[in-house]
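Read the numbers this way: they start at 1 and go in the same order the structure lists the ligands and their atoms.
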Amino acid sequence: MKAYNFNAGPCVLPKEAIESTINAIRDFDNTGIGLMEISHRTPGWERTMEETRQLWRDILNIPAEYEILFLGGGASTQFMTVPANLLNKKAAYLQTGVWAKKAAKEAKLFGPVEIVASSEDKTYSYIPKGWNVPADADYFHITTNNTIYGTEIRKDFDASEINNVMLVADMSSDIMSRPVDVKKYGLIYGGAQKNVGPAGVTFVIVRKDILGKIADRQYMNPLPTMVDYRTHAAEEAKNISMFNTPPVLPIFVMHETLKWLKNTIGGVAEMNKINLKKSNLLYEEIDRNSMFRGTVECKEDRSIMNHCWVMAEGREDKEAEFMAFAKERGMVGIKGHRSVGGFRASLYNACTIEAVEALVSCMQDFEKKYK
Ligand SMILES: *Cc1c(COP(=O)(O)O)cnc(C)c1O
């Protein structure tokens, strides 16, 4: 049966990336040895690392003063690593979901944290507005896409909007979905498994000059070697940046996924157009269909990646029925997160327009049953 994958993460990946990975697992780079068995110091692998980093630079237009690191531990480990490297006196966080809340919790281990605003009062169904970033914060942390609630900050804040405080962003679930002005950020991080690869590799894009400035802090100072970003960046002058064994397999899939994004799609500006088209198609149906309603309060806060909806008022008793109806038609991973309920469809980069059309038809057919 045809299955349409709308899972929130790990995500659907381009078929081309899966196929070429299968081949590399059998024989990597004509070495006669499989990808999972090669030494990470073989020239072919060092080249793959460099190409992967170059693909990031090309696709997101990342300036030379930024390092690009591929680490283990997931975005959740970065919740600790970011403050470990950057929090000297104080940090500011915008609390737009549980991921943001978890990130702030880790930062509190390292120093005072100011939550500039939170939308927890309404199950994070909106992006707070009208907040003020304290000018004395070492950095201001945002979560650009709130995977669980379907809200997104789809712009790069100007320095003047955030009191000239350094901007740090968890972009786990919308990285590479649109062009980003990297120069406006001190650091961007995320798990690969939402839009650029499988689980097992975490990306960090960090401006080199912001590191090594935790002189005043007591806790975890000096930094343990593996926690210090400079450990992983230091070797980059030699173009390898592998302090220890990197997650070879996930990085390879990321390499193939980015090649697809750059060459087949044509880059992030093109990807953004396709994503908007897919997203509009689904939101139009959520808004039109009398059986359903969207959960995000303001339309301008709606995520282009994760789409959340519930049964319309008076139709709540049909929820389980729609779930079964959709499942029968091959829709996979549309159950909403337990904190929001209802449904969530994640339309990441590799999700096809055909899949979205199938979901929309399914919603229309369900409505017809009750008209
Ligand atoms: C999934 C997700 C995380 C957690 O990522 P892991 O790699 O599983 O640790 C963090 N932030 C956001 C926005 C996410 O969507």
Side-chain angles (χ1 to χ4, degrees), residues 5-13 69-84 91 93-107 115 118-120 123-128 139-156 167-178 180 185 187-205 226-227 246-247 249-251 253-254 257 275 279 295-296 301-308 333-340 344-351:
N5 185 357
F6 298 105
N7 270 309
C11 65
V12 53
L13 290 166
L69 315 176
F70 304 131
L71 309 174
S76 300
T77 300
Q78 295 307 310
F79 294 167
M80 169 273 290
T81 318
V82 165
Y93 279 69
L94 183 63
Q95 193 175 306
T96 51
V98 293
W99 293 122
K101 190 177 183 176
K102 285 178 179 172
K105 177 177 174 245
E106 296 302 297
I115 306 295
S118 168
S119 46
E120 190 173 12
T123 326
Y124 300 112
S125 58
Y126 65 102
I127 301 284
Y139 65 90
F140 175 46
H141 180 284
I142 59 170
T143 310
T144 50
N145 186 62
N146 300 284
T147 324
I148 295 172
Y149 317 93
T151 64
E152 188 174 14
I153 300 169
R154 232 177 147 69
K155 62 176 280 198
D156 307 308
L167 189 57
V168 169
D170 173 358
M171 291 198 187
S172 291
S173 53
D174 64 352
I175 188 77
M176 300 276 185
S177 69
R178 65 171 177 98
V180 166
Y185 298 83
L187 190 148
I188 295 170
Y189 69 92
Q193 71 274 18
K194 308 280 168 58
N195 225 4
V196 289
V201 59
T202 309
F203 58 87
V204 177
I205 304 166
M226 282 298 283
V227 175
L249 184 59
I251 292 173
V253 184
M254 182 161 76
T257 304
N275 285 335
S279 180
T295 56
V296 174
D301 294 340
R302 280 176 162 179
S303 167
I304 307 304
M305 297 278 98
N306 314 96
H307 305 66
C308 297
I334 63 162
K335 193 172 169 53
H337 188 271
R338 62 187 179 282
S339 60
V340 180
R344 169 177 55 172
S346 301
L347 314 185
Y348 293 121
N349 286 354
C351 170

Self-check item: Closest to atom 9 (O) of ligand 1 (judged by heavy-atom distance), picking from Gly73, Ser346, Ser76
Solution: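 Looking at heavy atoms only, Ser76 sits closest to atom 9 (O) of ligand 1.
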
Self-check item: Proximal candidate to atom 4 (C) of ligand 1 [heavy atom criterion; set Phe79, Trp99, Tyr189]
Solution: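 The option holding the nearest heavy atom is Trp99.
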
Quiz item: Are Thr96 and Asn146 close enough that a side-chain donor and a side-chain acceptor fall under 3.5 Å?
Solution: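 Side chains of Thr96 and Asn146: pair found under 3.5 Å.
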
Quiz item: Considering distance alone, does some N or O of Thr147 sit under 3.5 Å from an N or O of ligand 1?
Solution: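 N/O-N/O distance under 3.5 Å: yes.
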
Quiz item: Any nitrogen or oxygen of Lys194, main chain or side chain, under 3.5 Å from a nitrogen or oxygen of ligand 1?
Solution: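 Yes, Lys194 has an N/O under 3.5 Å of an N/O on ligand 1.
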
Hey, are the side chains of [X] and [Y] touching, using non-hydrogen atoms and a 4.5 Å cut-off?
X      : Y      : value
Phe6   : Cys351 : yes
Gln95  : Tyr124 : yes
Met171 : Asn195 : no
Leu167 : Asp156 : no
Leu13  : Tyr348 : no
Asp174 : Ser303 : no

Check ligand 1 against [X] and write out every atom of the ligand that is under 4.0 Å from a heavy-atom position of the residue.
X      : value
Gly74  : 7 (O), 9 (O)
Asn145 : 13 (C)
Thr143 : 13 (C)

Look at [atom] and say which protein heavy atom is nearest, naming residue and atom and giving the distance to 0.1 Å.
atom                    : answer
atom 8 (O) of ligand 1  : Gln193 NE2, 3.3 Å
atom 5 (O) of ligand 1  : Ala75 CB, 3.4 Å
atom 11 (N) of ligand 1 : Asp170 OD2, 2.6 Å

Quiz prompt | Working for side chain to side chain contact (heavy atoms under 4.5 Å, CB included), residues Tyr149 and Thr295 | solution = CA-CA 8 Å; Tyr149 317 93; Thr295 56; over 6 Å; no

Quiz item: Under a 4.0 Å heavy-atom limit, does Thr77 contact ligand 1 with its side chain, its backbone, both, or neither?
Solution: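 No part of Thr77 comes within reach of ligand 1.
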
